[in-house]
Every structure is written in C-alpha cells, then in structure tokens.
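The figures that follow rest on heavy atoms only: side chains count, while hydrogens, waters and symmetry mates do not. We're numbering straight along the sequence, starting at 1.
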Amino acid sequence: MCVDSAQPHLDRPFDYSIPDALRGVVDVGSRVRVRFAGRLINGVVTALSDSSDFEGTLAPIHSSSAMPSYTADAIAFAGQVARRYGGGLWDVLRLMAPPRVAAVEKRDWSGVDHDEQAYALAHEALAEEAAAVALDDASLAAGARLVWEAVPDPSRRHGLPIDALLSPAAAVAARGQTALVILPDARALAAAGDALVRAGLSRWNARSGGHFAVVHAEDGPAVRFGNYLAAMTGHARIVLGTRPAALQPVRGLGLLVMWDEASNVYEDPHAPYPHARTVAAMRADEAGAGMLLAGYAPSVEAMALVAHGWAERADVPRALVRTSTPLMTVIDDQKREAEGASGWHWMPGSVWRGARDALASGPVGIVVPRAGYVRATACARCGEWSSCTACGGPLRKESATATLRCGECDTPHPDWHCPECHSAATKQLRQGVERIAEQVRAMAGDAPVALSAGAVGTLPDGAVDEGFVVATPAALPAVAGGYARIVIVGADVPAGGGLGAELQALRWWLGIAALARPRGERGEVVAVGQLPPAVRDPMVAWTGAEAAWDAYGERADLGLPPMRRAIRLWGDPAIITLALSERVEGERLVRHTEVAIVPAKDGVFLLVTRRAAQSVVDALRRRQQDLSRAGEGELRLRVDAPLEPVS
C-alpha cells in the first residue's frame with residue numbers, strides 16, 4: 001500500500017490486513033483509510049498478497065472505496081513517472097485521479113457496449129478537414145508519432161484545427177482502441193466537444209452513456225469523477241481533458257493527441273512537477289501508441305523528439321501555408337519614425353485607418369498583452385517613473401479615478417509627488433486592456449466595441465459578429481469566418497522570460513493570427529512593436545517549426561536543455577554540498593564529466609546528459625530519503641526545471 005505522506009523516506013509500500021467486512025471490496029487501486037503513526041490517513045492499495053514479510057501484527061484497513069480508482073497498469077505507470085521526476089508515488093497518484101465521490105462509485109460500471117459504426121461515421125465526417133490541412137490521420141491511427149506545425153482551420157469555427165485533431169482519434173476508436181486528446185483550456189475542450197457532437201457522437205453521462213468522456217475540473221466533483229471512471233473502465237473510447245488527462249487510465253490506448261504542446265499550462269505546479277508532454281510520450285512508448293504533438297509554433301522539446309528519432313516532423317506544404325494564413329505585418333520603430341508623430345501613438349495612424357476600413361468586411365480584433373487598466377505611470381513633467389516609497393515597485397491605476405497603488409505591495413499613494421521635480425501630475429505607461437478599450441470606444445464612433453479579458457469576463461467563441469473586439473491574447477474569441485484584421489498593440493518579448501522567451505512570444509502571436517482570415521480574403525495581422533528577428537521573421541513567414549528546430553540546434557551546441565536535462569537543487573548550503581558529493585557511476589556529481597553545475601538562487605542547477613540523467617535523479621532521490629529518515633535537513637529537487645537567471 002502507498003500512503004499519503006510528504007516525507008520522502010515513507011515513499012515505500014506498507015502492509016495492512018484486510019478485515020473480513022472488506023473482503024471482496026478491497027482490490028488493487030482501491031482508495032482506503034488506514035491508521036498510520038496514530039492517525040487515520042489516506043492510502044492506495046498497490047498490490048494484494050496472501051503473506052507479508054512484516055513480523056508483527058498487521059494493522060487492518062479501516063475503510064475502503066466501493067471500487068478501485070486506479071488500475072494495476074496505472075499504478076505501475078505512476079511509479080515510472082515518480083522515478084522519472086524524482087518524486088513520490090503518492091504525489092503522482094494524487095495528480096492522476098480526481099477526488100472520489102462515493103455515490104458515483106456505486107453505479108454499475110460492468111457493462112461496456114460500443115457503437116462501432118458511430119465512430120467510423122464520425123471519422124468519415126472529420127477526415128475531410130484533416131485532409132484539407134495535410135494531416136495524415138491514417139498513419140497516426142496506425143501508431144505513427146508526429147510533430148505537426150498546424151495551419152488554421154479552414155472552416156474558421158474556432159481558433160484551432162479541431163476537426164483535424166479529432167479525426168485520427170475517431171479512427172482509433174473505430175478500431176476498438178482508446179484515444180486521449182489533451183487540450184490546454186476550457187475553450188479548447190468546448191470546441192472539441194462541439195466538433196464530436198457535429199460528427200454524430202455524444203458526450204458520456206451517467207444516465208445514457210455516450211461515446212466520449214470529458215475530464216475537466218470545472219464540471220464539478222460528481223461529473224468529473226464519473227467521466228474519469230467511464231474513461232478508466234472503457235465506457236468511452238475518446239477522452240478529452242486538460243493537463244491531468246495525460247495521466248488518465250484507459251483501456252487499450254491507441255493514440256495520444258496534444259494541442260498547443262508548447263503552452264506553459266502543461267507544466268504541473270505540484271510536486272513532482274511532471275510535464276504533460278513528457279508523460280504523454282512515456283505512455284506512447286509503454287503502450288506502443290501513436291502520438292500527435294501539434295501547435296502553430298511547436299516547442300524545442302518537441303523538436304528534440306524529432307532530432308532523437310523518436311518522432312517525425314509533419315511538414316506543411318508552403319502553398320497551403322500561403323493560402324491558409326493571413327498577411328503578417330510588423331510595424332517596428334523604423335516604420336513608426338517614418339510615419340511621423342502619429343506613428344508613435346500606441347495605435348499608429350496608418351494602422352488605425354486600416355482597422356477602420358476593415359470593419360466594412362467583418363470584425364476587427366485589437367489585442368493588448370497587458371491586463372488591467374494602467375500597469376505603470378511616470379511623472380508628466382520630467383518623465384521619471386513613479387515608484388512605491390515602501391518597496392520601489394511601479395505605481396499603477398485600476399481605473400480612471402482610482403488612487404495610485406503599488407503593483408508589488410499594493411500600498412496606496414494618494415499624495416504621490418515626483419522625487420525629482422516634485423510635480424504631482426502623472427502620465428500613463430504600459431496601458432492595460434481596460435484602458436485601451438476606453439480609448440478605442442472614444443475613437444470608434446458608432447462602431448460597437450466589445451471587451452474580453454479575464455478580470456471583466458471572457459467572451460465565448462462566436463459571440464461577436466461586428467465591430468471591434470479588444471482583448472488580452474488568451475481571451476480573444478473566435479468569430480465566424482475569421483477577423484478581417486487583427487492589431488497587436490505593444491507586441492514584444494516579455495522581459496525576464498528566460499530561456500525560450502522568444503519562442504513563447506512567437507507562439508502567442510501565431511495563435512492570435514490563426515483567428516484572422518487568410519490573405520486571399522484580405523485578412524491581415526498587424527503587430528505594433530519592436531520584435532527581435534528570432535520572433536519577427538518566423539512570424540511573418542509562418543515558420544514556427546523551423547524556428548524551434550534552429551533553436552534546438554543552438555541549444556545542442558551550447559549543451560542547454562533539452563539537449564541536456566536540468567535538475568534544480570535547493571536547500572541549505574551544507575545540504576547542497578552533501579548532495580553534490582553523491583557518487584554516480586563511480587564519480588562524484590561535483591566532478592562528474594557528464595554533469596555541469598550552474599549557480600542558482602538558493603541552490604544550483606545540474607545540467608546532465610540524457611544518458612546519465614536517470615542515474616543522477618535516482619542518486620539524489622536516495623540522498624533525499626536518507627536525509628528525511630535521519631531528520632538532518634531537507635533537500636528539494638525539481639527535474640526538468642526551467643532555467644532562471646542567477647540572482
């Protein structure tokens with residue numbers, strides 16, 4: 001049995017007896033309550049046996065779930081993930097299954113009956129879209145592993161080619177296997193569910209069953225757990241979900257599809273911090289399943305899988321790129337200077353005229369990278385940035401009449417005066433989406449202006465059919481037929497973004513551009529900002545995959561991730577020194593030929609060759625358990641940690 005404990009040295013199996021009242025109920029994968037160190041805690045049964053090596057009297061299981069929440073294969077795979085990331089089995093099992101609902105467990109989960117014809121017909125309906133974007137769904141259904149640089153959906157229903165992504169999933173389901181479709185957010189889940197329903201499939205529910213299950217936290221405990229069990233027991237052959245779906249137990253896994261795999265939302269913030277892309281690749285390896293990693297701008301990590309021969313690159317014909325994507329224009333400082341004074345407005349005059357003219361043929365999107373009202377201010381007389389007297393953070397405003405407040409510590413500054421010239425007047429810098437929306441309403445005349453942002457409400461896809469839509473990047477809704485024009489205000493690369501910031505910025509802007517009409521229908525995306533060539537050139541040419549491939553080559557030359565794996569260690573200096581004294585393959589880590597040590601805040605980064613990485617992780621995990629057992633201090637580690645600047 002695996003018990004719920006944060007102590008590394010307790011990450012091992014414990015034996016308990018099954019009382020007569022629970023015989024026939026407790027099984028492998030059951031969630032139980034047991035007495036441990038004088039108190040009742042949670043546990044998961046990992047194996048059953050007629051005997052035990054424990055010489056004393058075994059404590060009995062106190063209570064058990066009505067049915068298992070895990071399969072034996074799922075528990076074994078959770079152990080592989082825990083080892084890969086240097087974590088505990090309990091932590092992975094906790095991430096794998098949602099909280100149990102007793103009433104859901106008591107339903108009859110035994111009978112599984114599938115409508116094979118429905119999946120086959122759904123594949124026929126979806127395959128046309130896959131062919132339109134040059135995606136070979138037949139090879140995926142047969143077990144191929146592809147990294148696909150996607151082009152926008154020809155139907156322009158959503159901001160992603162959802163029908164093409166689901167076509168191989170339906171083909172796999174028609175063969176009697178299960179397909180996992182991993183998506184970044186609720187909007188993508190809604191688009192996928194809509195596409196499957198249009199193809200003739202129904203969502204699973206407890207009353208009438210169905211063809212596909214949706215595992216999503218926003219559905220509520222009972223619905224979420226019911227769909228989890230439906231997927232685990234084989235009642236649904238297509239499973240849609242967000243990040244946790246990469247760990248979802250299923251029967252006969254035949255395909256994993258992951259959309260926008262470069263998104264940061266796939267990095268789990270909870271220990272042991274598994275990444276859904278890596279977990280999905282591990283599952284494909286274990287099951288011999290096909291895999292599709294897709295996005296408008298694939299990640300460097302996906303290109304590493306291609307470079308290592310694990311996956312193939314699915315190139316899109318350039319002719320298809322030209323006919324499917326909008327015209328991309330960047331208004332940099334040189335072009336703004338040539339335009340004169342109006343070019344230095346947040347919305348240059350030439351860009352505004354083009355946006356107004358485009359309204360005649362459809363909606364126009366205005367994307368603002370910053371949320372809120374005004375994110376920073378400065379003295380209106382001398383230009384000195386206004387900063388907090390308590391912590392030095394930037395002063396911002398939440399509305400036109402609001403008091404200046406610190407963006408770091410939230411201290412109000414109703415009587416702020418410039419420390420240089422003593423003026424009390426301020427001007428706005430780094431205007432947020434709400435302030436930009438105010439100005440667009442003043443400039444737009446009779447044209448309607450809609451605002452979509454997390455703080456004020458996100459508009460659903462299809463909610464707008466005319467006028468301007470001012471939105472943050474993740475909140476821009478898709479419109480029928482695509483936007484006539486999209487303007488990105490203040491397009492840049494976020495400061496302090498670390499390794500890969502340029503590729504993340506490229507991913508943002510290509511994802512926005514996919515919502516515009518193709519250039520053949522006079523669709524255009526205008527980015528106002530000074531973008532580095534590493535972002536500007538692939539954005540204009542729509543070559544996100546090539547940019548990621550080049551970035552992988554540069555990192556390989558420098559020995560940076562993903563060519564090497566990054567392991568972050570932090571704790572007391574004495575503990576770090578002790579950890580670096582561990583021997584791996586006869587060499588201490590501090591002098592190991594395949595380990596580079598880089599200083600970091602409160603610890604170090606180890607850049608380890610992929611060949612030696614698992615041995616290093618195993619050695620550090622053993623040291624972590626020894627320290628925990630002896631109570632001599634805490635060593636914390638994170639495998640595949642993002643590299644950060646030295647503080």
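Without hydrogens or angle criteria, Glu594 side chain to Ala613 main chain gives no donor-acceptor distance under 3.5 Å. In this structure, the side chain of Ser452 engages the main chain of Ala475 through a donor-acceptor pair within 3.5 Å. No donor-acceptor pair closer than 3.5 Å links the side chain of Glu124 to the backbone N or O of Ala199. Looking at Tyr228, its side chain does come within 3.5 Å of a backbone N or O of Ser69 through a donor-acceptor pair. No side-chain donor-acceptor contact under 3.5 Å links Ser324 to the backbone of Val321. In terms of modelled atom types and a separation under 3.5 Å, the side chain of His308 and the main chain of Trp310 share no donor-acceptor contact. The closest donor-acceptor contact from the side chain of Glu105 to the backbone of Arg100 lies at 3.5 Å or more, if one exists at all.
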Asp185 vs Arg187, salt bridge (Lys or Arg N to Asp or Glu O under 4.0 Å): CA-CA, chis, key distance, verdict: CA-CA 6 Å; Asp185 51 38; Arg187 292 177 66 187; over 6 Å; no

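Environment of CE in Met67: crowded, with over 12 heavy atoms of neighbouring residues, nucleotides or ligands closer than 6.0 Å. Within 6.0 Å of CD in Glu286 there are more than 12 heavy atoms belonging to other residues, nucleotides or ligands. Within a 6.0 Å sphere centred on CD of Glu116, heavy atoms belonging to other residues, nucleotides or ligands number more than 12.
For the pair Arg203 and Asp219, the salt-bridge criterion is met [side-chain N within less than 4.0 Å of a carboxylate O]. Ion pair Arg507/Glu261 not flagged as a salt bridge, since none of the NZ, NE, NH1 or NH2 atoms sits closer than 4.0 Å to an Asp/Glu carboxylate oxygen. For Asp4 and Arg31, the salt-bridge test fails: no basic side-chain N is under 4.0 Å from an acidic carboxylate O. Comment: Asp194 engages Arg198 in a salt bridge, judged by a side-chain N to carboxylate O separation of less than 4.0 angstrom.
Side-chain polar atoms of Gln624 and Arg621 form a donor-acceptor pair below 3.5 angstrom. Residues Asn42 and Trp90 have side chains that never bring a donor and an acceptor to within less than 3.5 angstrom of each other.
Distance check: Thr71 OG1 to Met232 CE gives 7.0 Å after rounding to the nearest 0.5 Å.
Aromatic ring orientation, Trp109 versus His235: perpendicular (interplanar angle above 60°, classes split at 30° and 60°).
Here the two rings, on Tyr296 and Trp259, have centers that are under 6.0 Å apart.
Contact of the Leu135 side chain with the Ser167 side chain is not registered, since no non-hydrogen atoms from C-beta on lie closer than 4.5 Å.
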